[in-house]
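For ligands, and for the atoms within them, numbers begin at 1 and follow the listed sequence.
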Amino acid sequence: MKDSTDKHCVSPIHRAIASRRSIRAFLPTQVPRAIVEELLRLAGTAPSGSNVQPWQVHVVAGEVRDGLSAALLAAHEAGEAPAREYHYYPLDWRSPYIERRRATGWGLYSLLGIEKGDREASARQHGRNYEFFGAPVGLIFTIDRDMQRGSWLDFGMFLQNIMLGARGFALHTCPQAALANYPHIVKKHLGIGDEKIIVCGMALGYADPDALINQFQPERMKLEEYVTWHGI
Ligand SMILES: Cc1cc2nc3c(=O)[nH]c(=O)nc-3n(C[C@H](O)[C@H](O)[C@H](O)COP(=O)(O)O)c2cc1C
């Protein structure tokens with residue numbers, strides 16, 4: 001895997017940002033609990049409005065992880081309709097977002113040799129989400145249902161802290177909205193009450209350096225497309 005670091009990415013924090021990417025094939029190598037603890041403690045230093053710290057995380061590994069994966073995969077394979085408790089995406093897809101979404105999906109699937117319209121192979125690949133892409137540790141994130149948009153903004157900072165902090169331990173991640181597709185299953189397995197919303201999940205582990213899928217790097221907008229300069 002090539003890092004997209006360039007001459008400006010000289011410090012460890014820059015390297016962590018530049019080398020973070022969504023990894024979708026992990027080695028079975030265990031991650032010691034002490035490392036996960038340190039990572040989550042560090043991530044908990046994230047800023048949040050009025051320091052309300054709206055994040056909660058369930059760490060799953062071993063038999064619990066396997067049981068949860070099996071139940072989610074069974075629902076997916078039975079064709080159960082996803083029932084996320086919030087709208088992640090716009091209700092009406094439009095340009096330029098729809099094109100970016102398609103480019104990401106098709107880019108990933110074509111790298112794997114999955115042809116457009118091959119629903120079976122696409123569904124099988126999607127199902128890998130429920131196995132945390134083979135990562136030994138899964139993270140499930142919840143937020144109290146009555147928290148508002150600002151707290152979801154804070155939550156993103158906590159998530160990003162985990163993803164960047166993971167790099168400092170030579171770990172990789174994949175954030176996973178797919179893990180919020182069947183909230184009733186996740187809640188039942190982990191004893192989570194309905195006053196919580198499952199925000200997303202995250203795979204955490206050591207990347208498989210030989211896996212083709214880990215070469216996938218979706219393009220980013222050019223700076224000019226998202227920056228407007230004023231007085232500088
Ligand atoms: C909150 C969140 C949820 C995501 N959910 C999924 C998911 O369920 N499955 C997946 O394969 N990738 C998921 N992704 C990864 C995105 O596809 C990925 O971040 C994007 O394509 C950019 O690629 P990169 O992370 O490798 O830079 C998610 C990303 C975020 C931030």
Side-chain angles (χ1 to χ4, degrees), residues 1-6 9 14-26 43 46 54-57 68-69 72-73 75-76 82-90 93 96-112 114 121-135 138-143 149 151-167 171-183 185-186 197-205 207-209 211-222 225-226:
M1 283 181 297
K2 199 166 68 66
D3 281 356
S4 55
T5 35
D6 65 17
C9 297
H14 292 160
R15 281 199 297 275
I17 293 171
S19 68
R20 185 222 54 84
R21 71 185 57 145
S22 295
I23 287 297
R24 297 183 179 86
F26 290 84
W55 43 79
Q56 298 122 25
V57 51
L68 177 61
S69 283
L72 291 169
L73 202 54
H76 169 66
R84 212 152 35 210
E85 295 173 280
Y86 66 97
H87 294 294
Y88 191 122
Y89 293 113
W93 280 99
Y97 308 108
I98 184 71
E99 290 85 359
R100 289 181 197 151
R101 180 184 208 206
R102 285 187 182 136
T104 304
W106 289 341
L108 189 67
Y109 284 12
S110 71
L111 177 69
L112 297 175
I114 299 173
S122 306
R124 212 175 312 119
Q125 176 54 34
H126 179 74
R128 295 284 296 145
N129 269 289
Y130 303 115
E131 298 171 316
F132 297 98
F133 298 113
L139 305 176
I140 301 287
F141 301 96
T142 68
I143 189 168
R149 259 188 231 191
S151 291
W152 286 71
L153 193 64
D154 299 338
F155 214 118
M157 305 193 196
F158 177 65
L159 295 174
Q160 178 75 329
N161 262 4
I162 297 174
M163 293 185 276
L164 298 184
R167 298 302 301 118
L171 290 162
H172 269 289
T173 51
C174 185
Q176 298 181 276
L179 268 304
N181 280 351
Y182 303 116
I185 296 177
V186 175
I197 291 180
I198 307 291
V199 176
C200 65
M202 190 182 289
L204 176 71
D208 180 347
L212 182 65
I213 196 170
N214 287 340
Q215 289 175 13
F216 182 59
Q217 271 191 283
E219 277 182 23
R220 292 303 203 263
M221 285 186 278
K222 292 195 186 72
E225 291 179 78
Y226 61 93

Practice item. Determine, step by step, whether Tyr97 and Trp93 satisfy the ring pair (Phe, Tyr, Trp, His ring centres under 6.0 Å) criterion, reporting the C-alpha distance in whole Å, the side-chain angles of both residues, the deciding distance to 0.1 Å, and the verdict. Key: CA-CA 7 Å; Tyr97 308 108; Trp93 280 99; 7.5 Å; no
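- To the nearest 0.5 Å, the span separating CG on Leu179 from CZ on Phe132 amounts to 4.5 Å.
- Between Leu72 and Tyr182 there is a side-chain heavy-atom pair separated by less than 4.5 Å.
- Sorted by chain and number, the residues within 4.0 Å of ligand 1 by heavy atom are Arg20, Arg21, Ser22, Arg24, Tyr88, Thr104, Asn129, Phe133, Cys174, Pro175, Gln176, Ala177, Ala178, Pro218, Arg220.
- Side-chain N/O atoms of Ser69 and Glu131 include no donor and acceptor closer than 3.5 Å.
- In this structure, the side chains of His172 and Arg20 stay at 4.5 Å or more apart for every pair of heavy atoms.
- The number of heavy atoms from other shown groups lying within 6.0 Å of CD (Glu219) does not exceed 12.
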